[in-house]
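Both counts, for ligands and for their atoms, begin at 1 and track the order of listing. Reckoned from all heavy atoms, side chains included, excluding hydrogens, waters and symmetry mates.
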Amino acid sequence: MSKQVKVPFADLHAQYLNIKKEMDAAIAGVIGSSAFIRGPYVDAFEKEFAALIGAPHCVSAANGTDSLYIAMRALGVKPGDEVIVPAHSWIATSETVTQAGGTVVFCDTDEDTFTIDPALIEAKITPRTVGIIPVHLYGQAADMGPIMETAARHRLWVLEDCAQAHLAAWNGRTVGTFGAAASFSFYPGKNLGAMGDAGALVTADGVLAERMAMLARHGGLVKNEHRIEGVNSRLDGLQAAVLSVKMKHLRKWTAERRKLAGVYDRELSGIEGLEIPIVAGGREHVYHIYALRHQRRDELKKFLAERGIETVINYPVALPFLPAYARLGARPEDFPNAYRHQSTVLSLPLFPEMTPEQQAAVIDAVKTFCRG
Ligand SMILES: *Cc1c(COP(=O)(O)O)cnc(C)c1O
């Protein structure tokens, strides 16, 4: 047997080594100026990130869960308000609805794209519905046209969860520019990742931006002037400096992800029993996650692990079926796609620094499993 190539799910150390000089200088700059909270690094990052997404305002936060919560508080969510969220996502999308005082209403996701199915939203709307949170899951934009139309017809706000979709697009328009506000995560493993927790909101609405900034900073933008009760959710200077450096490489890294996904698509298509990710028309996928589907998913995961290939299941239990939502009494037939996907999805390693040798090892192992 030939030498085994280890393939991690992601390799943040390799990424750091590629930009070590810039990173070390940026971090030293923050330490040298003691600009740990707010200050020039945070201001610069907010301006740069708004420009990158093409949004007029950016409000940074401590992480991408807080940013969802802060946006909903700023949008005025109150007890009794219902917010529609996809059944297949990370729990931050739904738990923040409850945190903000609202009621979670799950909606099933689309068979092919794992994003909220716009055709099913209408039936979830009641007189108490106030908003919709589409998640651009795995890096593919949700179907924003019909989602925005439905929202407009019922006068609902849309809060985009862009945690996995920096620079993804729908019909040529960057995600994060459709809704009243959009939330981003810079968790280290995200396409743009800090060296710790970090998050941000973008919006075109200046009044909403100010309200979100106040909420993130104890309810006031001027020291000791607390106009409302807020929370402490600040992006720190070190993370802002790290993000400003990495942001300069994001387009190149995104292109690398798309190239690697193209190789997987080519090599793994047409294999009996294996479904590669489907990109719907007009969507620009940024491949935070490359999610396959296979009926014998758990066996495939084990087979790859035995060959030194790390994979992840995003996510093994869809949100409505988690113990955290037992109170809703969801049945499999209520969310058939999310239910089916939870036992068939498997995310392959895909990161900009991945070597051709590593990718070939993954492809070879997947093919061996499927044909064996
Ligand atoms: C990562 C993630 C979040 C939360 O971000 P944190 O920065 O980890 O708090 C929210 N929604 C989705 C879909 C995510 O993947």
Side-chain angles (χ1 to χ4, degrees), residues 9-10 12 45 49 58-73 83-100 104 106-107 109-110 113-116 131-142 144 147 158-168 175-176 179 181-202 212 215-216 231-236 238-240 242-243 246 257 285-291 312-320 322 324-325 338 341-342 345 347 350-351:
F9 188 67
L12 294 179
F45 170 74
F49 192 69
C58 170
V59 176
S60 57
N63 56 68
T65 304
D66 277 5
S67 51
L68 287 166
Y69 164 79
I70 289 161
M72 278 185 267
R73 284 277 313 273
V83 178
I84 298 172
V85 306
H88 184 116
S89 183
W90 175 240
I91 193 168
T93 313
S94 52
E95 69 185 349
T96 47
V97 171
T98 311
Q99 259 174 48
V104 179
F106 289 115
C107 180
T109 38
D110 171 69
T113 64
F114 310 106
T115 58
I116 194 165
I132 307 169
I133 310 184
V135 180
H136 307 303
L137 201 78
Y138 299 161
Q140 174 159 217
M144 293 313 290
I147 293 170
V158 171
L159 167 58
E160 293 174 74
D161 186 342
C162 305
Q164 304 187 1
H166 316 70
L167 299 181
V175 301
S183 171
F184 287 84
S185 166
F186 309 113
Y187 176 83
K190 297 287 161 78
N191 286 19
L192 176 59
M195 287 183 157
D197 275 317
L201 290 152
V202 298
M212 295 191 300
L215 283 160
V231 294
N232 175 7
S233 184
R234 296 177 296 222
L235 174 68
D236 68 67
L238 282 167
Q239 300 309 340
V242 162
L243 288 168
K246 288 202 184 181
R257 285 180 181 275
H285 201 314
V286 295
Y287 296 99
H288 172 57
I289 296 288
Y290 188 91
V312 172
I313 299 169
N314 306 91
Y315 300 92
V317 183
L319 296 174
L322 286 169
Y325 294 104
H341 291 151
Q342 73 179 18
V345 289
S347 310
L350 191 160
F351 49 96

- Message: Please classify the Asn63 to ligand 1 contact at 4.0 Å (heavy-atom distances, strictly less than): side chain, backbone, both or neither.
- Response: both
Ligand 1 atoms in contact with [X] (distance to a heavy atom under 4.0 Å):
{"X": "Ala92", "answer": "3 (C), 4 (C), 10 (C)"}
{"X": "Thr65", "answer": "4 (C), 5 (O), 6 (P), 9 (O)"}
{"X": "Val135", "answer": "13 (C)"}

- Note on the structure: Exactly one of Leu243, Val59, Leu192 clears side-chain contact (heavy atoms from CB on, under 4.5 Å) with Phe49, and that residue is Leu192
- Task: Determine, using heavy atoms of Ser89 and all atoms of ligand 1, whether some pair is separated by less than 4.0 Å.
- Result: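 For ligand 1, residue contact (heavy atoms, under 4.0 Å) with Ser89 is present.
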- Message: Going by ring-ring contact (aromatic ring centres under 6.0 Å, His included), Phe114 matches just one of His341, His285, His288. Which one?
- Response: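 Of the listed residues His341, His285, His288, the ring-ring contact (aromatic ring centres under 6.0 Å, His included) partner of Phe114 is His341.
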- Task: Work out which heavy atom in Ala198 is nearest to a heavy atom in Gln239; give both atom names and the distance.
- Result: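 Where Ala198 meets Gln239 most closely, the heavy atoms are CB-CB, 4.4 Å.
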- Query: So which heavy atom on Pro320 is nearest to which on Ala87, and how close?
  - Reply: CD-O, 3.3 Å
- Query: Do the rings of Phe186 and Phe45 sit parallel, tilted or perpendicular, given the 30° and 60° boundaries?
  - Reply: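 The rings of Phe186 and Phe45 stand perpendicular, inter-plane angle above 60°.
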- Does atom OH of Tyr187 have more than 12 heavy-atom neighbours, drawn from other residues, nucleotides or ligands, at distances under 6.0 Å? no
Checking the N or O distance criterion of under 3.5 Å, is ligand 1 in contact with [X]?
{"X": "Lys190", "answer": "yes"}
{"X": "Gly64", "answer": "yes"}
{"X": "Tyr187", "answer": "no"}
{"X": "Gln164", "answer": "yes"}

- Query: Can you tell me the protein heavy atom closest to atom 13 (C) of ligand 1 and the distance?
  - Reply: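 Scanning the protein heavy atoms, the shortest distance from atom 13 (C) of ligand 1 goes to Asp161 OD2, 3.5 Å.
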- Query: Nearest protein heavy atom to atom 12 (C) of ligand 1, by residue and atom, and its distance?
  - Reply: Ala163 CB, 3.4 Å
- Message: Distance alone, cut at 3.5 Å: any donor-acceptor contact between the side chains of His136 and Glu160?
- Response: yes
- Message: Ile91: which residues meet the side chain to side chain contact (heavy atoms under 4.5 Å, CB included) condition with it, sequence neighbours left out?
- Response: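 Counting only residues at least two positions away or on another chain, Ile91 forms a side chain to side chain contact (heavy atoms under 4.5 Å, CB included) with Ser94, Glu95, Leu319, Leu322, Ala324, Tyr325.
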